[in-house]
There are 2 protein chains.
Amino acid sequence: MAQDSIGKPKRVNDPQGMRSRILDVAADLFQRRGYHSTSVQDVVQAAGATGGALHHHFPTKKALGLAVIEERVAREVNATAIEPVLRADRLKTGVLAFFSAVAGELERNQAVTGCPLNNLAMELSLADPDFRHASNAIFERWVGVLAQRFQDDDPALAPRQAGALATLVIAAYSGAMAMAKASQSALPLRDCAAQLEKLLP
Amino acid sequence: MAQDSIGKPKRVNDPQGMRSRILDVAADLFQRRGYHSTSVQDVVQAAGATGGALHHHFPTKKALGLAVIEERVAREVNATAIEPVLRADRLKTGVLAFFSAVAGELERNQAVTGCPLNNLAMELSLADPDFRHASNAIFERWVGVLAQRFQDDDPALAPRQAGALATLVIAAYSGAMAMAKASQSALPLRDCAAQLEKLLP
DNA sequence: TTAAACAGACCGGTCATCCTGTTTTTAATA
DNA sequence: TATTAAAAACAGGATGACCGGTCTGTTTAA
């Protein structure tokens with residue numbers, strides 16, 4: 001009794017698409033306004049969904065937040081901060097290009113919303129251990145990949161050294177983004193890039 | 001008719017003390033649980049105050065948050081991150097000692113709550129411009145003081161250079177604290193300090 | 001006498017979650 | 001392949017808790 005032989009269906013189920021759309025919208029809102037300042041109603045409306053649909057895919061707001069971190073923030077960090085850097089000839093040039101690209105984007109846009117990982121990690125790490133672990137997993141992978149690449153570039157580098165170097169790069173980026181968000185300026189990014197250029201091998 | 005000639009007063013007004021206690025408690029709760037996750041009731045209870053008292057000193061939660069940033073966070077940054085560093089013979093040794101001190105404190109405590117400035121700045125910067133400006137003012141003063149000291153140490157250093165150097169130090173600290181909060185470990189702090197030791201003049 | 005300081009209840013609104021019902025899709029069965 | 005049972009997907013209203021702000025009243029201090 002879904003529809004008559006010719007009549008259109010009242011709707012078409014697209015679970016994957018619906019889930020994906022909700023995730024996209026939630027990631028965007030959490031990033032721009034923050035997790036606590038975004039209501040599930042906001043997500044429902046912006047996604048053109050309903051409370052029932054959202055509840056079906058994400059029974060609680062926490063489940064939604066966790067999925068955003070694991071499936072969207074992780075992907076974005078990978079796409080903007082890891083893969084392009086790895087594709088560069090040398091890690092140093094890749095890192096500097098990354099800083100420059102982000103700074104350029106900040107200058108183009110009118111608002112600096114900050115690093116999505118940092119934003120959610122800072123807001124949610126102390127609220128719930130699950131959020132903390134999810135954020136930490138992304139940080140750890142990020143550090144691990146950069147450290148590995150530092151060693152590939154210079155096999156003489158001690159593993160301990162490579163890890164510390166990677167940590168500094170990521171910390172400088174995270175901190176610079178925090179300062180950029182507060183000042184609504186890309187200058188901290190450019191300053192840090194200029195200094196890292198001198199340090200990096 | 002406040003009290004009988006001998007009877008004790010029902011209470012003793014202590015406006016400054018009350019205000020100060022509320023600020024202390026609010027700063028602590030905002031730092032440990034976050035601004036949005038802390039209700040004004042939480043503050044009232046923890047401070048042993050009443051809704052009326054809190055409302056008398058801080059008409060809105062935003063006013064309370066702003067006062068925490070301007071009167072507590074700023075003070076803490078000054079006391080732990082600026083003055084000790086300035087008192088050191090050279091800025092470099094002061095900065096490294098600061099990193100080491102914070103790392104040691106993290107290792108002693110069981111929980112890493114992060115940098116108070118960063119915590120509140122990240123959570124509130126996009127929520128309200130006033131919060132953003134208040135946070136930015138602290139960042140700017142911090143950068144300014146360190147940059148000035150870099151130049152004092154080495155008059156040959158270009159002003160632009162000194163500022164960038166100061167920005168990197170603070171960004172590395174902020175970012176390392178973010179990573180420390182996510183990993184509940186002081187390692188990012190120590191790694192960054194080790195790398196900064198090589199870069200700083 | 002007057003204003004400041006504090007007490008404590010109250011209220012309108014929001015929010016996350018739950019619940020009941022409907023429609024679509026899948027899967028089993030014959 | 002046709003039928004049907006069952007599950008998944010979605011719709012949308014209901015609810016109860018909580019939160020921030022307000023308001024009135026009382027006590028203390030200037």
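Every chain is numbered from 1, with letters handed out A, B, ... down the list of sequences. From a predicted model like this one, the values you see are computed outputs, not experimental measurements.
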Report task. Specify the closest pair of heavy atoms between A:P188 and A:A180, including all atoms of both residues, with the distance to one decimal. Result -> CG-N, 3.9 Å
**Report entry** N/O (side chain, B:H57) to phosphate O (OP1/OP2, C:dC6) under 4.0 Å
**Finding:** yes
Report summary line: Among D:dC10, D:dT26, C:dT24, the one nearest any side-chain atom of B:R11 is D:dT26
Requested in this report: When you get a sec, tell me which of D:dA29, C:dT24, D:dC10 is the closest nucleotide to the side chain of A:P9?
Outcome: C:dT24
Figure out the [atom1]/[atom2] separation between [X] and [N], and round it to whole Å.
{"X": "B:M18", "N": "C:dA4", "atom1": "CE", "atom2": "C1'", "value": "13 Å"}
{"X": "B:L54", "N": "C:dG8", "atom1": "CG", "atom2": "C1'", "value": "13 Å"}
{"X": "B:N13", "N": "C:dA5", "atom1": "CG", "atom2": "C1'", "value": "5 Å"}
{"X": "B:L29", "N": "D:dC19", "atom1": "CG", "atom2": "C1'", "value": "16 Å"}
{"X": "B:K10", "N": "D:dG25", "atom1": "NZ", "atom2": "P", "value": "16 Å"}
{"X": "A:H56", "N": "C:dT25", "atom1": "NE2", "atom2": "P", "value": "13 Å"}
{"X": "B:F58", "N": "D:dG20", "atom1": "CZ", "atom2": "P", "value": "15 Å"}
{"X": "B:Q45", "N": "D:dC18", "atom1": "CD", "atom2": "P", "value": "12 Å"}

**Report entry** Enclosure of B:D89 CG (heavy-atom neighbours >12, cutoff 6.0 Å)
**Finding:** no
Report task. Kindly say whether A:T113 contributes a backbone atom to a donor-acceptor pair with the side chain of A:N119 at under 3.5 angstrom? Result ->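 Yes; at least one donor-acceptor contact below 3.5 Å.
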Report task. Walk me through it: do A:Q161 and B:Q195 pass the test side-chain hydrogen bond (donor to acceptor under 3.5 Å, both in side chains)? Result -> CA-CA 9 Å; A:Q161 261 287 88; B:Q195 297 304 313; 2.9 Å; yes
Report task. Show your working on side-chain contact (heavy atoms from CB on, under 4.5 Å) between A:F131 and A:E123 and close with a plain yes or no. Result -> CA-CA 9 Å; A:F131 284 122; A:E123 184 176 358; over 6 Å; no
Please list each protein N or O that sits under 3.5 Å from an N or O in nucleotides 14-18 of chain C, with the distance.
{"from": "C:dA16", "atom 1": "OP1", "to": "A:K61", "atom 2": "NZ", "distance (Å)": "2.6"}
{"from": "C:dA16", "atom 1": "OP2", "to": "A:V40", "atom 2": "N", "distance (Å)": "2.7"}
{"from": "C:dT17", "atom 1": "OP2", "to": "A:K61", "atom 2": "N", "distance (Å)": "2.7"}

Requested in this report: Examine the side chains of B:D152 and B:Q148 and answer whether a donor and an acceptor come within less than 3.5 Å of each other.
Outcome: yes
**Report entry** Given A:H57, A:R72, A:E71, the one that forms side-chain hydrogen bond (donor to acceptor under 3.5 Å, both in side chains) with A:S20
**Finding:**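 Testing A:S20 for a side-chain hydrogen bond (donor to acceptor under 3.5 Å, both in side chains) against A:H57, A:R72, A:E71 leaves exactly one candidate, A:R72.
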